[in-house]
S.K.: 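Below is a structure I'd like to ask you about.
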Amino acid sequence: MNSPFIVSALLFIQNISLMFAPSQLETIYNQIIPSIALVQYSSEVTNQITGETSRKDGNALGLVVSADGLVMVPGFVEVENVSSFNFRVRLNIKGEEKEFNAVKLRKPEDLNIMFLKINNDTNMKFPFAQFVEDLPKLGSEIAMVGILGETVDYVRCITTAHIGAILEKPRLTYCLDENVRLGFVGAPVMNEQGKVIGVVGFDLSKAEGGEVYTRSGHPLLYQYALFKKYIQNPPAVQSQDDEQEAWLGVITQPLTDDFAEYWGLPKEGGLIVATIVNPSPASECGLKIGDIIKNFNGVPIRAKYDSDVTSFTKLVREAGAGNSVKIEILRNKEPMALTAVLGTRPRRSSEAEEFEWEAVGLTVREITPDIRIALSIEDTVQGVLVYRVKSGSPAQVARLSRGFIIQAIGDWPTRSIDEFKTIVKMLQEKKPKEITFFAKIGNISGFFRVQPRWEE
């Protein structure tokens with residue numbers, strides 16, 4: 001061990017028992033470390049109750065599992081209400097930190113892991129972990145190599161644990177005897193012979209979409225046999241077609257016991273329709289705010305907790321866009337049955353088209369349904385949303401700011417971003433000294449006089 005990087009890593013060795021000698025841990029560490037990657041990405045999180053979305057950056061441990069750049073990451077990177085994108089894979093190759101872009105592959109349905117594929121146009125061969133199908137015994141000691149947090153520069157480190165329990169149903173499951181740091185989720189697991197026998201994983205809870213194999217909340221060893229098929233035959237790249245999810249167009253909340261008691265209803269659970277997007281399959285089939293969904297396409301709805309809302313979203317998605325579904329509801333305590341034809345999920349805010357107008361110093365976005373709900377924009381209000389205003393720009397001088405909805409430029413209405421771009425193109429040819437915007441925010445509307453800075 002002669003690298004400062006490795007020396008610092010050893011400061012974090014924990015829980016070393018007498019089974020693994022320090023020299024053995026050092027050997028294991030040095031063998032596996034070239035295949036350990038820091039994966040950074042952006043993600044959009046959707047609040048299932050309000051429909052509001054937010055964007056954040058994240059990171060995870062990645063394990064390179066093939067020479068052509070297949071990378072295995074923990075499944076939490078993308079769960080029921082989280083969509084991730086813009087993946088960058090950082091590897092320490094021969095002492096030099098290198099970053100690669102990567103695309104996500106379709107997530108397996110039977111295991112809470114994901115795969116990325118590094119964009120590799122150079123036919124570069126990556127160092128990768130090689131697994132064996134050895135299985136541990138109860139009480140076996142295992143070693144794991146993970147990544148610590150940003151405050152310690154994502155340093156790699158090694159620790160040990162034991163197999164504390166073995167569950168035989170519904171599938172063979174190995175439980176670790178103690179919790180692990182976040183940076184060890186997805187970490188390679190080595191046995192006492194230094195062989196890589198699996199990775200650290202967490203099963204999904206029902207709220208996250210897991211149902212078949214749910215051992216959520218406890219660190220597990222995912223043995224090689226569970227994911228061997230995905231390494232040998234990697235999933236396809238996740239395409240835009242995968243995002244064509246079925247959509248009903250409602251936001252719901254659970255029928256808690258409190259609400260049931262207040263309305264004089266049985267405490268059997270259900271989903272209260274809180275918001276209806278218009279137009280949508282929900283509005284077209286006659287659903288109304290206050291209806292209580294009791295059965296969806298033959299599946300009883302017994303929602304009592306916020307997490308149950310996610311299960312309903314999953315039901316809708318699995319029903320498939322374009323398909324007709326029967327929805328049984330209670331309206332004013334009376335049972336009713338409606339039939340809806342599910343649509344395709346409209347674009348989210350993260351997918352909204354943007355347009356930057358440099359001469360004015362602002363960037364606008366189309367108003368997607370989730371933005372309309374989050375900002376309480378009425379269906380009758382058309383326009384484009386001011387998303388960014390450059391500091392010191394003509395738009396800022398005119399006091400236009402983020403959140404305004406531009407409804408007209410001069411005498412021309414701007415009901416969509418295409419109309420906005422058409423007007424901008426026309427004005428760029430004429431180069432007027434002043435442009436008048438009509439915009440609104442909330443219940444306040446007004447005119448704004450902007451003096452563009454045209455390029456010479």
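All values reported here derive from a predicted model rather than from experimental measurement. Positions are given from 1, in the same order as the sequence printed here.
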S.K.: In the structure I gave you, are the side-chain heavy atoms of Val364 and Phe404 within less than 4.5 Å of one another anywhere?
M.R.: no

S.K.: Are the side chain of Glu366 and the backbone N or O of Glu353 linked by a donor-acceptor pair below 3.5 Å?
M.R.: yes

S.K.: How far does CD of Glu168 sit from OG1 of Thr173, to the nearest 0.5 angstrom?
M.R.: 10.0 Å

S.K.: Side chain to side chain contact (heavy atoms under 4.5 Å, CB included) for Glu318 and Val299? Distances and angles first, verdict last.
M.R.: CA-CA 12 Å; Glu318 291 176 348; Val299 178; over 6 Å; no

S.K.: Glu356 vs Lys390, test: salt bridge (charged side-chain N to carboxylate O under 4.0 Å, His left out). Steps then yes/no.
M.R.: CA-CA 10 Å; Glu356 181 180 2; Lys390 274 188 178 176; 3.7 Å; yes

S.K.: With a 4.5 Å limit on heavy-atom distance, are the side chains of Pro254 and Phe259 in contact?
M.R.: no

S.K.: Hey, what do you get for OG1 (Thr339) to CG (Asn297), rounding to the nearest 0.5 Å?
M.R.: 10.0 Å

S.K.: Show the nearest heavy-atom pair for residues His162 and Gly139, with the distance to one decimal.
M.R.: CD2-O, 3.3 Å

S.K.: Determine whether Leu61 and Val199 make a side-chain contact, defined as any pair of heavy atoms from C-beta on separated by less than 4.5 Å.
M.R.: no

S.K.: Calculate, to the nearest 0.5 Å, the distance between atoms OG and CG belonging to Ser84 and Leu116 respectively.
M.R.: 9.5 Å

S.K.: Indicate the atoms forming the closest heavy-atom contact of Pro219 with Glu178, along with that distance.
M.R.: CG-O, 3.2 Å

S.K.: Counting N and O atoms only, with roles assigned by atom type, does the side chain of Arg365 sit under 3.5 Å from a partner on the main chain of Thr363, one being a donor and the other an acceptor?
M.R.: no

S.K.: What's the shortest heavy-atom distance between Val73 and Gly62, and which atoms?
M.R.: CG1-CA, 4.0 Å

S.K.: Between Ile231 and Phe131, is there a side-chain heavy-atom distance shorter than 4.5 Å?
M.R.: yes

S.K.: Roughly how far, to the nearest 0.5 Å, is CD of Glu354 from CG of Leu385?
M.R.: 10.0 Å

S.K.: Counting only N and O atoms by type, is there a donor-acceptor contact under 3.5 Å from the side chain of Lys117 to the main-chain atoms of Asp68?
M.R.: yes

S.K.: Which is it for Lys104 and Glu78 under the salt bridge (charged side-chain N to carboxylate O under 4.0 Å, His left out) test, yes or no, and what are the steps along the way?
M.R.: CA-CA 10 Å; Lys104 65 181 176 183; Glu78 186 155 290; 2.7 Å; yes

S.K.: Can you find a heavy atom in the side chain of Pro234 that is under 4.5 Å from one in the side chain of Phe115?
M.R.: no

S.K.: Ion pair present between Lys294 and Glu268, side-chain N to carboxylate O less than 4.0 angstrom?
M.R.: yes

S.K.: With a 4.5 Å heavy-atom cut-off, do Phe100 and Met124 have their side chains touching?
M.R.: yes

S.K.: Is the shortest side-chain heavy-atom distance between Val277 and Trp247 below 4.5 Å?
M.R.: yes

S.K.: Find the distance between OG1 (Thr380) and CG (Asn278) and round it off to the nearest 0.5 Å.
M.R.: 10.5 Å

S.K.: Scan Leu176, Thr160, Asp177, Thr159 and name whichever one has a side-chain contact (heavy atoms from CB on, under 4.5 Å) with Ile142.
M.R.: Leu176

S.K.: Can you name the closest pair of heavy atoms from Lys137 and Ile163 and give their distance?
M.R.: O-CB, 3.6 Å

S.K.: Within the distance-only criterion (no hydrogens, no angle test), does the side chain of Gln24 pair as donor or acceptor with the backbone N or O of Glu192 below 3.5 angstrom?
M.R.: yes

S.K.: Does atom NZ of Lys195 have more than 12 heavy-atom neighbours from other groups under 6.0 Å away?
M.R.: no

S.K.: With a 4.5 Å heavy-atom cut-off, do Ile158 and Phe20 have their side chains touching?
M.R.: no

S.K.: Is the cationic atom of Arg402 (NZ for Lys, CZ for Arg) positioned less than 6.0 Å from the six-membered ring centroid of Tyr387 and within 45 degrees of its normal?
M.R.: yes

S.K.: Whether the side chain of Asp291 engages the backbone of Leu287 through a donor-acceptor N/O pair (distance < 3.5 Å, no angle test) should be reported.
M.R.: no

S.K.: Angle class for the Phe296/Phe312 ring planes (parallel below 30°, perpendicular above 60°, tilted otherwise)?
M.R.: perpendicular

S.K.: Step by step, would you call Lys288 with Ile329 a side chain to side chain contact (heavy atoms under 4.5 Å, CB included)?
M.R.: CA-CA 10 Å; Lys288 295 183 178 179; Ile329 63 169; over 6 Å; no

S.K.: Judged by atom type as modelled, is there a donor-acceptor pair below 3.5 Å linking the side chain of Asn191 to the main-chain atoms of Gln193?
M.R.: yes

S.K.: I'd like to check the side-chain contact (heavy atoms from CB on, under 4.5 Å) partners of Ala37; sequence neighbours left out, ordered by chain and number.
M.R.: Val89, Leu91

S.K.: Please check if the side chain of Tyr224 supplies one atom and the backbone of Val196 the other of a donor-acceptor pair under 3.5 Å.
M.R.: no

S.K.: Between the side chain of Thr275 and the main-chain N/O of Ile251, is any donor-acceptor distance below 3.5 Å?
M.R.: no

S.K.: Does a sphere of radius 6.0 Å around CG in Asn332 hold more than 12 heavy atoms from other residues, nucleotides or ligands, not counting ones at 6.0 Å or beyond?
M.R.: no

S.K.: Verify side chain to side chain contact (heavy atoms under 4.5 Å, CB included) between Ile441 and Val386, making sure each step is shown before the conclusion.
M.R.: CA-CA 10 Å; Ile441 185 167; Val386 176; over 6 Å; no

S.K.: Output yes when a side-chain donor or acceptor of Arg372 lies under 3.5 Å from a complementary backbone atom of Glu378, and no otherwise.
M.R.: yes

S.K.: Tell me, with the steps shown, if Leu172 and Leu135 meet side chain to side chain contact (heavy atoms under 4.5 Å, CB included).
M.R.: CA-CA 10 Å; Leu172 188 60; Leu135 297 176; 4.1 Å; yes

S.K.: Looking at CG of Asp57 and OG of Ser43, how far apart are the two atoms once the value is rounded to the nearest 0.5 Å?
M.R.: 7.5 Å

S.K.: Would you say Tyr174's side chain and Leu138's backbone share a donor-acceptor pair under 3.5 angstrom?
M.R.: no

S.K.: For Val389 versus Ser401, what's the shortest heavy-atom pair and its separation?
M.R.: CG2-CA, 3.9 Å

S.K.: Can you name the nearest heavy-atom pair linking Pro281 to Gly343, along with the distance?
M.R.: CG-N, 3.3 Å

S.K.: For the CD atom on Glu261, are there more than 12 heavy atoms of other groups (residues, nucleotides or ligands in this structure) within a distance under 6.0 Å?
M.R.: no

